[in-house]
Engineer: 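Take this structure, written in structure tokens, and hold onto it; I'll ask about it next.
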Protein chains: 2
Amino acid sequence: MACPAFFLFQWADRAELIRAGRSPMRALVVDPKLTFQSHNPDPAPTAGESIVRVSLAGICGTDLELMRGYMGYRGIPGHEFVGRVTDTTDPNLRGQRVVGEINAACGRCSYCRSGLARHCPERTVLGILGRDGAFAEYLRLSNENLLPVPDSIPDETAVFTEPLAAAYEIFEQLHLARDRTMVVLGDGRLGALIALALRRENYLPIVAGHHPEKLGRLGALGLATSLEQDLKERFDYVVDCTGRGDGLRRATELVKPRGTIVLKSTAAAGAALNLAPLVINEITVVGSRCGRFAPALAALEGGRLDPRPLIDGTFPLEEGAAAMDAAAKSSNFKILLKPS
Amino acid sequence: MACPAFFLFQWADRAELIRAGRSPMRALVVDPKLTFQSHNPDPAPTAGESIVRVSLAGICGTDLELMRGYMGYRGIPGHEFVGRVTDTTDPNLRGQRVVGEINAACGRCSYCRSGLARHCPERTVLGILGRDGAFAEYLRLSNENLLPVPDSIPDETAVFTEPLAAAYEIFEQLHLARDRTMVVLGDGRLGALIALALRRENYLPIVAGHHPEKLGRLGALGLATSLEQDLKERFDYVVDCTGRGDGLRRATELVKPRGTIVLKSTAAAGAALNLAPLVINEITVVGSRCGRFAPALAALEGGRLDPRPLIDGTFPLEEGAAAMDAAAKSSNFKILLKPS
């Protein structure tokens, strides 16, 4: 566990800087290419929000898509992080080690009032939509988005909270029957996490992909695996984590009539799709995105789910371009950035 | 009600013909263009199957798609019919006025055993897949596919049983909450029937389309309607009955986050689709096809749901081409064929 005195100092130091006006910070910026900037303006504190010094940030497929034009994003990317609150109006958060829900919502609309703030039409999304993200020394988020991280969860585990919450979102949307067959399509970072989550919840997924080495690593974590081209049967559930525009087409081939496809892939490019098989076989397709953090933190607590074997490298912000290259490499699972 | 003696005579006459060998019959044939044939071989009786003399047959969007190459079908199209059993091994069916479930299944596989014969992988489908259909004087179907039509349902109503069963399939697949908003996208024949079914089950759908005259006719049947371009809000449920490949794209624009799209359109051509909104807004898409006939017959019984105002013309088989043209005309709902 990191020394609290150190972080108290960090916070005091930060407050000092803020009193003197906004200061430069190191960050990666999409504009639309990714560049490292050593003098990016740091985030100014706002009512109801906290400033977080980012300890670790994870690179996700969405970040790579942003650089290909997805969402037309301009600004600091990054939405998976763990950090320490350095400035806040909420005394309960001061100095806390936190992770943060990435959708910053209005708090007033019907979605916000029904616990679905992540679908608020007025929302900004950390590092994805109208709000600078985590590939920087500091970020800013609403106080209510921040969750303290239990001491039993190290930073290298906590940084997986956001994508693991996206995995746990599947359980919130669907009742998955345990006597059915399921395949996770895609042996990438999200596919691996979703398979670990399913296994943790006592399902028996098969992870199918194109990378024998990665499948071997997932096998060593206790998961059943298969090369995708070796799949001969059809499944009751297919979770598309290919990240490819044509993932749904392949999932449609692999799902049983009356089966369910969970669609996790977001891609900048659309794909031509013959929809007739969805109708003929009465397939249900469930689009699935972010989830609440609490179930993910609960799964990570005490090491019950350990995603750290998926880490393939940690880079400083200055080496952002190399980090993105590593994240785009199909032989790697998860690449982290260490902003501070 | 037609005179039973007449049909007994018909059946005796028919049996006579069969004893003398297979006889010619009038039929429409897709090969791949649609032609009228006056000397098509009539269906031979087979164990466990009945011969039905077709009284009325309905033309469906799928029939029009078959002529555009959908399913690569060759043979007699037509899957909506009402007729009279003329030859059968089942004494309970002899001489009965019947409608028929269109999926002829193996009866042994897991789908058949679980009451989902219409998803049997070995199935043939009347007039759509490996089995001659209803645009002919006679057709052949398994005895277990045939349902006697209650006397309170006239032929002109009974011929709607199959598409109405497809409408009722939605209730079998989904629990639709009545406090939610819904739009039926498409003012065609299936959209109209689905809207009538929803209204009959005490939902309040809006039918949206591009044809003011047809919307006016649906309004006169007690349905709420809107020109599609006038839709300003988003809906909890969107039923895509456009019959167009891009119907799902439009439905995605019209559905609320976390909402549900029921996909009824089958089209020969695929459409390029950006799937990201399905994931971002966590939309559920439910492919929906045929349904069981019993709920549809129950809805039609005693005139509780009357689809006859949707009939826009009835043609003899000899005028099949003109009938197809009429069915393809966007100002018409339902065109019938009268084979005998």
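Just so we're on the same page: letters track the sequence lines, and every chain starts at 1.
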Engineer: Do you know which of A/Glu169, A/Lys264, A/Arg118 has the most heavy-atom pairs with chain B at a distance under 4.5 angstrom?
Structural biologist: A/Glu169

Engineer: Quick one: does B/Met71's side chain get under 4.5 Å of A/Ile280's, heavy atoms only?
Structural biologist: yes

Engineer: Heavy atoms, side chains only, cut-off 4.5 Å: are B/Thr284 and A/Thr284 in contact?
Structural biologist: yes

Engineer: Where on A/Leu116 is there a heavy atom nearer than 4.5 Å to chain B: the side chain, the backbone, both, or neither?
Structural biologist: side chain

Engineer: Donor-acceptor check, side chain of B/Glu282 to backbone of A/Arg289, threshold 3.5 angstrom: yes or no?
Structural biologist: yes

Engineer: What's the spacing between B/Tyr111 OH and A/Arg258 CZ if we round to 0.5 Å?
Structural biologist: 9.5 Å

Engineer: With a 4.5 angstrom heavy-atom cut-off, which part of B/Leu174 approaches chain A: side chain, backbone, both or neither?
Structural biologist: neither

Engineer: So which part of B/Leu263 gets closer than 4.5 Å to some heavy atom of chain A, the side chain, the backbone, both or neither?
Structural biologist: both

Engineer: Would you say CZ of A/Arg178 has more than 12 non-hydrogen atoms from neighbouring residues, nucleotides or ligands within 6.0 angstrom?
Structural biologist: yes

Engineer: Do you know which of B/Asn281, B/Val286, B/Val279 has the most heavy-atom pairs with chain A at a distance under 4.5 angstrom?
Structural biologist: B/Val279

